[in-house]
Protein chains: 2
Amino acid sequence: MSDISRPAADPFSDIMTHDFSSIDDGGDTWSDAHANFLSSLSQEETQDLLKCSRRLDLKSRDLLFRAGDRSNDVYIVAGGCIRLFQVSTTGKETILWFSFVGEIFGMAELWRGNSRQIHAVANEATQIYSIRRRDFTDFLGTHPEAAMKAIGILSARVRSLGHILVGLASDNVETRIARLLIRFAAVSSGMRCCSGTTEGELCVNVRLTHQDIANLIGASRQTVTTTLAHLRKRGAVRMVNHHIHIVRPDHLRRLLELGAA
Amino acid sequence: MSDISRPAADPFSDIMTHDFSSIDDGGDTWSDAHANFLSSLSQEETQDLLKCSRRLDLKSRDLLFRAGDRSNDVYIVAGGCIRLFQVSTTGKETILWFSFVGEIFGMAELWRGNSRQIHAVANEATQIYSIRRRDFTDFLGTHPEAAMKAIGILSARVRSLGHILVGLASDNVETRIARLLIRFAAVSSGMRCCSGTTEGELCVNVRLTHQDIANLIGASRQTVTTTLAHLRKRGAVRMVNHHIHIVRPDHLRRLLELGAA
DNA sequence: GCATATTTGTCGTCTAGGTGACAATGCCTG
DNA sequence: CAGGCATTGTCACCTAGACGACAAATATGC
């Protein structure tokens with residue numbers, strides 16, 4: 001495996017230095033949607049929250065939970081990346097979310113009571129803080145500031161899902177890919193690229209197979225391969241060390257503004 | 001206009017008696033997603049919240065806010081129904097949400113600061129409580145219980161949007177319509193149907209044109225018309241007073257379980 | 001009660017993109 | 001280092017559903 005998104009030796013130092021607040025992807029701020037919950041808390045809050053957490057270490061592809069599970073914890077990514085997805089009755093996998101360092105996930109299912117709606121697997125070697133439902137709600141109850149932040153994060157997710165929904169309903173595959181790449185570039189801009197970016201280039205610093213992209217945008221793997229080849233031929237993106245670099249961000253952004261080509 | 005979803009003379013009495021908690025739509029509980037925020041609050045909380053609210057009366061099709069607006073209020077539906085949608089660059093309208101009596105909306109955009117992401121129009125004559133951002137956040141800060149409920153509602157919306165997303169990515173139009181109808185039947189089960197339902201029948205007590213349905217499920221109006229005609233021919237649904245009755249709910253549910261036919 | 005606008009229903013026609021089938025390449029593991 | 005698995009690339013084929021264009025039926029405002 002390449003060194004893309006390699007978990008930091010000490011995940012904590014990583015969490016504390018992440019800050020994407022200045023990246024804009026035109027309209028929605030991805031950094032906002034993928035807000036770093038943990039680093040938004042004060043030292044004290046962080047301590048109060050993590051003191052009742054368990055650490056989990058996951059290897060790539062390890063399953064954290066599956067739909068139907070009773071597990072009722074909230075999780076925070078300490079290092080690595082978690083893929084959250086749903087499988088339809090026809091067997092098709094749809095990726096709903098990637099959770100990166102510092103992000104909290106599983107929160108939306110706490111208030112449902114019974115069971116998980118989605119699947120969560122480690123997209124690479126990943127470290128997790130696991131917090132029991134009860135501990136987490138207690139924490140929120142006793143830390144109003146943190147509760148507000150939780151509301152902010154859920155709000156961001158609502159907005160983000162809304163955007164994705166609109167895109168899925170009205171854009172063609174090329175546009176959906178363009179949007180995805182720009183968003184992921186914004187998320188991963190915090191981690192410096194293994195092989196350096198040329199001026200003006202954006203690095204999509206996440207390990208994504210064509211199948212992953214297909215599952216993220218609701219398309220078939222073949223179409224993704226073809227469309228990506230097309231974007232490459234036009235010089236909009238290029239492959240570097242098995243991940244994508246956006247050569248001309250404005251090129252892709254124009255694609256988005258124009259809608260379907 | 002027919003008497004579908006006619007706002008009650010006194011919206012309050014309506015709000016207080018609504019309770020969909022027993023309706024299940026198989027998997028997700030629509031009633032949960034469309035939780036009645038207002039009636040979930042205690043008498044005291046309700047008073048504290050509404051004392052700083054303004055009442056707005058909207059005629060059918062009145063615009064409450066549009067994308068880009070600076071308006072930063074949260075709203076609660078006192079009577080009627082609000083359509084929340086986004087328009088893509090190509091002019092295609094995607095409906096993200098319908099807010100019914102008692103529901104709160106606009107909340108997800110409070111934490112964004114700058115501007116509205118979506119459009120909101122009255123789907124019929126509608127009464128609204130409008131609460132300023134500041135008042136609302138203060139309210140949440142001083143009423144932890146209510147803050148928790150807000151989190152619960154946002155969580156439900158996240159789950160619901162996730163479901164819709166998965167459906168959009170992997171189901172065909174017929175399945176998406178079936179799912180939509182069942183969900184809306186569950187929501188509107190609280191209001192009794194103007195013309196009575198036969199035993200075992202469900203009434204989709206919402207005013208929806210084929211175009212609306214198309215915008216909700218990401219399809220073209222023509223396809224919706226055809227598919228609905230098909231479902232009618234097969235006896236799964238029937239038209240009563242210009243709204244839809246689900247004659248055989250289990251028929252539609254089977255459709256969902258099987259996935260694409 | 002009339003005129004206009006909106007909604008429904010039904011055609012062809014056309015295409016984006018799904019599907020299946022392979023070969024080629026690369027990668028990880030024993 | 002070899003075999004196996006995952007990923008990419010590229011076909012040819014096919015179909016769900018978009019789109020445009022109507023006519024008919026309804027609703028709504030004046």
Side-chain angles (χ1 to χ4, degrees), chain A residues 1-4 59-61 83 88 90-94 121 123-125 167-178 206-233 237-244 255 259-261, chain B residues 1-4 59-62 88 90-94 121 123-125 167-178 206-233 237-244 255 259-261:
Chain A
M1 204 206 282
S2 65
D3 50 350
I4 300 177
K59 290 189 302 294
S60 187
R61 286 159 212 244
R83 180 179 9 161
S88 79
T90 54
K92 193 163 177 171
E93 176 179 322
T94 304
V121 310
N123 202 47
E124 53 190 83
L168 192 50
S170 52
D171 296 333
N172 62 14
V173 170
E174 186 170 53
T175 310
R176 302 212 294 276
I177 290 186
V206 186
R207 206 167 204 280
L208 287 175
T209 68
H210 292 181
Q211 187 66 63
D212 288 336
I213 298 178
N215 295 343
L216 275 160
I217 65 167
S220 73
R221 191 229 91 216
Q222 290 94 318
T223 309
V224 171
T225 300
T226 319
T227 309
L228 230 33
H230 184 217
L231 286 173
R232 220 179 319 131
K233 248 167 245 156
V237 304
R238 68 188 177 103
M239 300 302 299
V240 178
N241 258 15
H242 302 108
H243 66 280
I244 297 171
L255 234 172
Chain B
M1 204 211 280
S2 64
D3 49 352
I4 299 176
K59 293 190 301 296
S60 188
R61 285 161 214 243
D62 273 1
S88 78
T90 53
K92 192 164 178 171
E93 177 179 321
T94 304
V121 310
N123 202 48
E124 54 189 84
L168 191 49
S170 52
D171 296 333
N172 62 14
V173 169
E174 186 169 54
T175 310
R176 302 211 294 274
I177 290 185
V206 186
R207 204 165 204 278
L208 287 174
T209 68
H210 291 181
Q211 187 65 63
D212 288 337
I213 298 179
N215 296 343
L216 275 160
I217 65 167
S220 74
R221 193 228 88 215
Q222 291 95 318
T223 309
V224 170
T225 300
T226 320
T227 309
L228 230 33
H230 185 217
L231 286 173
R232 221 179 318 131
K233 248 167 244 154
V237 304
R238 69 189 176 102
M239 299 302 299
V240 179
N241 258 15
H242 303 109
H243 65 279
I244 298 171
L255 233 172

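Lettering of chains follows the sequences in order, A, B, ..., and the numbering in each one begins at 1.
- Whole-Å rounding puts the B:His210 NE2 to D:dA24 C1' distance at 15 Å.
- Comparing B:Arg221 and A:Val173 against DNA chain C, the residue whose closest nucleotide sits nearer the 5' end is B:Arg221.
- B:Arg176 comes within 4.0 angstrom of nothing in the nucleic acid, heavy atoms only.
- At a cut-off of 3.5 angstrom, counting only N and O atoms as typed in the model, there is a donor on one side and an acceptor on the other between the side-chain of B:Gln222 and the base of D:dG20.
- Residues satisfying the side-chain hydrogen bond (donor to acceptor under 3.5 Å, both in side chains) criterion with A:Gln222, sequence neighbours excluded, are absent altogether.
- Side chains of A:Val206 and A:Asp212 form no contact here, defined as non-hydrogen atoms less than 4.5 Å apart.
- Listed candidates were C:dC27, C:dG18, D:dA6. Nearest to the side chain of A:Thr223 is C:dG18.
- Put simply, OG1 on B:Thr223 and CD1 on B:Ile213 are 12.5 Å apart, with the number rounded to the nearest 0.5 Å.
- Dashed line: the shortest gap from a side-chain N or O of B:Arg232 to OP1 or OP2 of C:dG9 is under 4.0 Å.
- Between C:dG18 and A:Ser220, a contact under 4.0 Å exists linking OP1 or OP2 to a side-chain N or O.
- Within the nucleic acid shown, B:Ala219 comes within 4.0 Å of sugar-phosphate atoms alone, with no base atom in reach, counting heavy atoms only.
- Rounding to whole angstrom units, CD of residue A:Glu174 and P of C:dG18 are separated by 14 Å.
- Taking atom CG of residue A:Leu168 and atom C1' of nucleotide D:dG17, one finds them 15 Å apart after rounding to whole Å.
- In this structure, B:Met239 atom CE and C:dT8 atom P are separated by 8 Å, rounded to whole Å.
- Across all strands, B:Thr209 comes closer than 4.0 Å only to sugar-phosphate atoms, never to a base (heavy-atom distances).
- Using modelled atom types, one side-chain atom of B:Arg176 and one backbone atom of B:Gly218 make a donor-acceptor pair closer than 3.5 Å.
- Judged purely by atom type and a 3.5 angstrom limit, B:His242 has no side-chain atom pairing as donor or acceptor with the backbone of B:Met239.
- Counting to the nearest Å, the P atom of D:dA18 and the CD1 atom of B:Ile213 are 14 Å from each other.
- Here D:dT8 presents its C1' atom at 18 Å from NE2 of A:His230, a figure rounded to the nearest Å.
- Rounded to whole Å, the distance from CD1 on B:Ile217 to P on D:dA16 is 15 Å.
- Whole-Å rounding puts the B:Leu228 CG to C:dT7 C1' distance at 13 Å.
- Within 4.0 Å of B:Thr225, counting heavy atoms only, lies at least one base atom of the nucleic acid.
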